[in-house]
2 protein chains.
Amino acid sequence: MSPPQDRGRAPSIRDVARLAEVSHQTVSRVLNDHPSIRPETRERVLQAMETLQYRPNRAARTLVTSRSNTIGVLAALSTTYGPATSIAAIEDAAREHGYHVNTANLADTSPAGIADAIEHLMLQAIEGLVVIAPQVRVFEVLAASSIGVPFVSLQSTGRRDHLALSVDQVTGARRATQHLIGLGHREIVHLAGPQDWIEAEARMRGFLEAIDDAELGLHPPILGDWTADFGYYAGSELVRRRDFTAVFAANDEMAIGLMHAFRDAGLDVPGDVSVVGFDDIPVAKHVAPTLTTVYQDFHEIGRRAVALLLNQVHGAERIEVEDIVPRLVVRGSTAPVAVRPAPSAR
Amino acid sequence: MSPPQDRGRAPSIRDVARLAEVSHQTVSRVLNDHPSIRPETRERVLQAMETLQYRPNRAARTLVTSRSNTIGVLAALSTTYGPATSIAAIEDAAREHGYHVNTANLADTSPAGIADAIEHLMLQAIEGLVVIAPQVRVFEVLAASSIGVPFVSLQSTGRRDHLALSVDQVTGARRATQHLIGLGHREIVHLAGPQDWIEAEARMRGFLEAIDDAELGLHPPILGDWTADFGYYAGSELVRRRDFTAVFAANDEMAIGLMHAFRDAGLDVPGDVSVVGFDDIPVAKHVAPTLTTVYQDFHEIGRRAVALLLNQVHGAERIEVEDIVPRLVVRGSTAPVAVRPAPSAR
DNA sequence: GATCCGAATGTGCACGTTCACATCCACTGT
DNA sequence: ACAGTGGATGTGAACGTGCACATTCGGATC
């Protein structure tokens, strides 16, 4: 009943062996599910482990096998819903596979900051890396520092030096834009993400393709920074021009800021202006008006990233990953274009 | 110019020693900034490291020093803004101190799920633990599994077996409620968080204290789950009663869902009902109406948690941490109570 | 000039685990 | 009866690092 006296040192495999009256190697075999071990021996060993409160020492195991059972996550903007959800999914999936996750945040996106984060992760002897900071720069730095472990990007980057999930952001963005076009909008502005983000670029491309297909005139996209505050700022600038009837924002936060600015300027959404977002964050369906957006399954993305990465780590043959296609969710922020000029029709 | 031929094994301290023509111990001393090493020797060693692209093997170091330089984070609801921000701050701060962070997500909050997550972290030989899952249960399981490393909670739990930051949620909630009372509201409902969350409990206590101080009648609080969807559901139920003029929601997401339900029911916020949230998530200032809420500095909370924990890990004397007091941010979702009955005054 | 001192460096072992190889034993086939 | 087989277990080395302890050496002290 009384806890075993600990002499300041955690019990090792040899302590267990002594108690179970076997060799340390037998204990190791029990730990690693070696096939040829007699059930009753195994039982005895397990018993001894229980008694001693034995926990395997990962450092020792890693040292000898040179497998750390750890994957790294390099994340930017991890405080926002999308990345945070994917990170959580990655952790869950990794845990299921017996892997640990080590996250490094990209506080600033300067090459030095990126290199620092990567260096930090490499010190940890990770076996693979998931990159949730899909900025072009990050991949350049990664390529330059030849980290020597496989890595996977959550978005297709076009590069050949790593694995990539293919979430078809282009199609998602195109559908969003086509939705607006289908409602009769012909003057559509795109509030894009930062230019060096792969996602931002893909969404803009989808937008441009749709505009092009419909042979509409192109309004120069506004380059934002993903934040609601920027959305508000961009909206304030836009209302001065009033030469558009719809805006496609590259994410929901910016869309929400945008709608705020329109509201402040006395513009009705969707009466005067339609707005579409991207991501479908949990509040999107509750804001006023409810936000038409493009749903992304961040959880599934995280899971697949881990599957892909571990597959590569274990040297298995390349598995095929089907595209994840985001889904348009139509809500209250979009409506057929009003007979113009309609601003006073409110 | 050509990369050094690697024989499939990473260079060790001994390889560096050979190249620099010193003993492996000298290399070790350079690595650990030992004082008595001749500058020119150090230079030679550093040179050799550079040439070989040497990286210290953390597993070996951990094995011999039994210090893993890793802290664990046990997080629930890590996809939402508050926890995600704190986690990011924890990572940044830990990195500054040369520590790695290992996160385990609490997918489900059953005792088994909790124990599983803790077990997973313990396998990693963490030196300390930050708990961002301030549910009573979690601390019970932690106490029961006697993990043997110090841990810190982001909220004061009242327990004595660990460190705790004291974010004064009670005061924050009280101020929010007093704000409503100051506006003349006398029938205030509290939409609370899950009962077993320490934060939820503290916020409810602040609410109750304020109600009590003002000698107002008490509406039974509604127990929610933090989500905007629940907020909407609760709001739909509430509009049937119409026996209140203000609601204090335990977080912003629920408040936003709540406002959605009120809007759908034709109730004006803040004309008919005032709403206050908690946390000040980034979209709070952009929703319609802009949300009065209580600001929490999640980043600072994360930083302090790491400072506190590492201080404890290194066995220093207990440092004093001053309270973090959340700040009320008044926006457009609260207004003086209307002369009742006012529902038709819209 | 013998002695002592501290700075600079080297030697061997220990950390806890797995791997390669060896050993023991019961059973099989001839 | 004997070699052969394979299951169950044991033995010793190795992984890469830091620690305790030894050694060397130049200069200060008397």
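Proteins get letters first, then strands, A, B, ... in listed order; numbering begins at 1 in each.
Panel note: side chain B:S68, backbone B:A125; a donor-acceptor pair is recorded below 3.5 Å. Judged purely by atom type and a 3.5 angstrom limit, B:T80 has no side-chain atom pairing as donor or acceptor with the backbone of B:G82. Without hydrogens or angle criteria, B:T85 side chain to B:Y81 main chain gives a donor-acceptor distance under 3.5 Å. Side-chain N or O atoms of B:H314 include one that pairs as donor or acceptor with a backbone N or O of B:L310 at under 3.5 Å.
In plain terms, the two heavy atoms of A:G302 and A:A89 that are nearest each other are CA-CB, 4.0 Å.
If you take CZ of A:R18 and C1' of D:dG10, they are 16 Å apart, rounded to a whole angstrom. The interatomic distance linking B:L63 (CG) with D:dC15 (P) rounds to 14 Å, in whole Å. Atom-to-atom, CZ of B:R61 to C1' of C:dG16 comes out at 18 Å; the value is rounded to the nearest Å. The distance from atom CZ of B:R44 to atom C1' of C:dG10 is 14 Å, rounded to the nearest whole Å. Note: CD (A:E21) to C1' (D:dA8) measures 17 Å, nearest angstrom. Separating the CG atom of B:N57 from the P atom of C:dC15 is a distance of 18 Å, rounded to the nearest angstrom.
Salt-bridge formation is not detected for the pair B:R95/A:E119: no Lys NZ or Arg NE/NH1/NH2 atom is positioned less than 4.0 Å from an Asp or Glu carboxylate oxygen. Using a 4.0 Å cut-off between charged nitrogen and carboxylate oxygen, B:E300 and B:R304 count as a salt-bridge pair. Ion pairing of B:E96 with B:R303 is present here, as a side-chain N (NZ or NE/NH1/NH2) and a carboxylate O approach within less than 4.0 Å.
Contact between the side-chain N/O atoms of A:R38 and the OP1/OP2 oxygens of D:dA8 is not found at any separation under 4.0 Å.
The 12-atom threshold is not exceeded at CD of A:E21, counting heavy atoms of other residues, nucleotides or ligands nearer than 6.0 Å.
In the model, B:R58 has a side-chain atom that pairs as donor or acceptor with a side-chain atom of B:T70 under 3.5 Å. Between the side chains of A:S36 and A:H34, at least one donor-acceptor pair of N or O atoms lies under 3.5 Å.
Of the residues in residues 23-35 of chain A, those lying under 4.0 Å from DNA chain D by heavy-atom distance are A:S23, A:H24, A:Q25, A:T26, A:R29. Non-hydrogen atoms lying under 4.0 Å from DNA chain D are contributed by B:T65, all within residues 65-72 of chain B.
Taking five base pairs at each end of the helix from C:dG1-D:dC30 to C:dT30-D:dA1 and finding the rotation axis that steps the C1' atoms of four pairs onto the next four gives two axes whose angle is 40°, to the nearest 10°.
B:R14 comes within 4.0 angstrom of a nucleotide base, judged by non-hydrogen atoms across all strands. Within 4.0 Å (heavy atoms only), B:I37 reaches sugar-phosphate atoms of the nucleic acid but no base atom. Across all strands, A:T41 comes closer than 4.0 Å only to sugar-phosphate atoms, never to a base (heavy-atom distances).
Distances from the side chain of B:S36 to the nucleotides C:dT9, C:dT17, D:dG16 place C:dT9 closest.
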